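Remember, predicted model here, so these are calculated numbers, not experimental data. One-based numbering, in listed order, for ligands and for the atoms of each.
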Amino acid sequence: MPMWEGRFSKKLDERTNDFNSSIKFDHRMYKQDIKGSIAHSKMLSKQGIIKEEESKSIIDGLNGILEDIENGKLEFDPNAEDVHMFIEAELTKRIGDNGKKLHTARSRNDQVALDIRMYLKEEVKELKEKLKKLILTFINKAEENTHTIMPGYTHMQRAQPITFAHHLMAYVQMFLRDLERLNETYKRINVCPIGSCALAGTTYPLDREFEAKELGFSKITNNSLDGVSDRDFIIELLSVISIIMMHLSRISEEIILWCSWEFKFIELDDSFSTGSSIMPQKKNPDITELIRGKTGRVYGDLNTMLTVMKGTPLAYNKDMQEDKEAIFDALDTVNLCITTLDPLVETMTVKKENMRKAAAEGFINATDCADYLTVKGVPFRDAYKIVGNLVKYCIDNNTTLEKLHINVYKKFSDVFEDDIYDAIDLINCVNKRNVPGGPAAEQVMKEIEIAKSKLSV
Ligand code: ARG
């Protein structure tokens with residue numbers, strides 16, 4: 001029978017119970033629920049609301065439950081309404097009447113808000129570690145490729161020469177911002193709602209600060225209605241995770257392109273690729289496609305919570321129970337994607353020659369050719385036009401800027417001299433882009449050092 005049976009004359013319909021119950025997913029928070037209850041019971045006795053020996057027996061009972069859940073001796077009852085009811089009922093089963101005192105000056109409304117915040121604090125810390133590890137993998141790959149020339153693209157058209165390191169470090173910047181966002185969100189999660197009770201606080205002389213401190217929170221919530229009905233921190237975390245997924249999806253998309261025959265810039269390790277059931281030649285990048293696909297699912301989780309919350313009046317409403325499946329799913333998904341992508345990137349082979357070949361074919365040094373003329377006094381717009389004509393000539397004659405004889409150059413502009421070949425040499429083109437944030441090896445190495453220093457905080 002549920003704990004609220006007193007008011008009712010009939011047992012809850014079985015189907016309603018199944019529908020109403022959240023234990024199949026909120027049992028994940030059993031540790032947080034127990035720790036929260038231990039702190040609550042300590043506070044109650046410190047304030048003289050319950051006796052010290054009552055508190056002691058509650059704490060012993062709760063520790064016993066924790067131990068039994070962890071070593072598999074105690075299973076969650078699928079018929080329990082939620083993890084909070086389950087643990088409280090189990091406590092009373094074990095220690096008798098003292099167990100019934102635990103819920104003094106507390107409601108499941110502030111209890112669930114507390115538990116989910118405690119749970120998410122741990123999750124954010126773990127996610128940050130995973131993300132840092134992924135960043136390090138990208139940095140390591142970048143360090144090996146500071147001189148690996150590849151074409152940089154705009155509109156998926158070869159544009160200007162960069163290095164593979166420069167390209168990878170762009171993702172490092174994205175992931176570093178994700179870390180910052182996680183830190184910011186953590187601050188908003190790290191606020192203790194317990195003591196808000198059902199919605200209007202309580203008449204008991206609570207020490208909310210004590211309880212918050214016991215549980216490692218930085219501060220307490222300032223309004224009891226908001227304390228039980230705020231789910232902003234979940235929506236915020238879902239947005240941060242969605243942005244992380246968007247970044248993972250973008251690199252996944254690039255990896256998919258890069259390992260196609262059309263590019264062949266990289267080769268995935270066999271242990272991170274899959275085959276086809278019918279086409280014997282196939283080696284498919286399923287992992288990265290799945291990451292791209294799962295991004296949609298996480299966006300769905302964010303959308304779920306935005307929609308769940310938009311029409312809920314103050315304070316707690318049962319709609320809010322929907323928060324857990326959404327945030328758990330998003331966390332599971334992002335963790336899984338990061339831990340799979342990490343070794344995939346670590347083990348992939350970079351086909352430097354193919355990148356170099358692609359870089360040599362797309363006139364990606366045309367800007368440098370125009371800059372060469374500009375440095376020698378030709379106005380940039382004129383230089384731009386001269387090089388445009390040169391490129392057209394090359395296309396018509398199936399050749400490249402590097403291969404053109406100096407006499408041909410001179411037909412387009414007599415400013416051209418023999419030093420043009422140095423000016424359009426791809427390595428020079430990259431290394432001359434020595435502006436902070438640019439692709440020159442010197443700059444990328446600086447960028448790598450800055451990124452590394454951000455990982456240690
Ligand atoms: N299982 C509920 C949830 O996840 C706990 C709070 C229920 N509170 C209530 N008054 N029914 O939101």
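Among Asn431, Asn434, Thr146, the single residue meeting the side chain to side chain donor-acceptor pair (under 3.5 Å) criterion with Gln443 is Asn434. Checked against Asp82 for a side chain to side chain donor-acceptor pair (under 3.5 Å), the options His27, Arg108, Lys24 give a single hit: Arg108.
Atom 8 (N) of ligand 1 has its closest protein heavy atom at Asn109 OD1, 3.0 Å. The closest protein non-hydrogen atom to atom 6 (C) of ligand 1 is Tyr316 OH, 3.4 Å. Closest protein heavy atom to atom 5 (C) of ligand 1: Asp82 OD2, 3.5 Å. Residue, atom and distance of the protein heavy atom nearest to atom 11 (N) of ligand 1 are Arg108 NH2, 3.6 Å.
Of all non-hydrogen atoms in Pro151 and Ile162, the two that sit nearest each other are C-CG1, 4.1 Å. When all heavy atoms of Val83 and Asp26 are compared, the closest pair comes out as N-OD1, 3.1 Å.
Distances between N or O atoms of His84 and those of ligand 1 include no value under 3.5 Å. Residue Glu81 has no nitrogen or oxygen atom sitting less than 3.5 Å from a nitrogen or oxygen atom of ligand 1, judged on distance alone.
When each atom of ligand 1 is checked for a heavy atom of Ser22 under 4.0 Å away, the hits are 1 (N). Atoms of ligand 1 found under 4.0 Å from any heavy atom of Lys324 (numbered from 1 in listed order, with element): 3 (C), 4 (O), 12 (O).
Under 4.0 angstrom from ligand 1, there are no non-hydrogen atoms of Gln111.
The option from Glu325, Glu322, Gln321 that lies nearest to atom 1 (N) of ligand 1, judged by heavy atoms, is Gln321.
For Phe164 and Phe265, the gap between ring centers reaches or exceeds 6.0 Å.
To the nearest 0.5 Å, the span separating OH on Tyr186 from CZ on Arg188 amounts to 13.5 Å. Rounded to the nearest 0.5 angstrom, Leu182 CG and Glu180 CD are separated by 10.5 Å.
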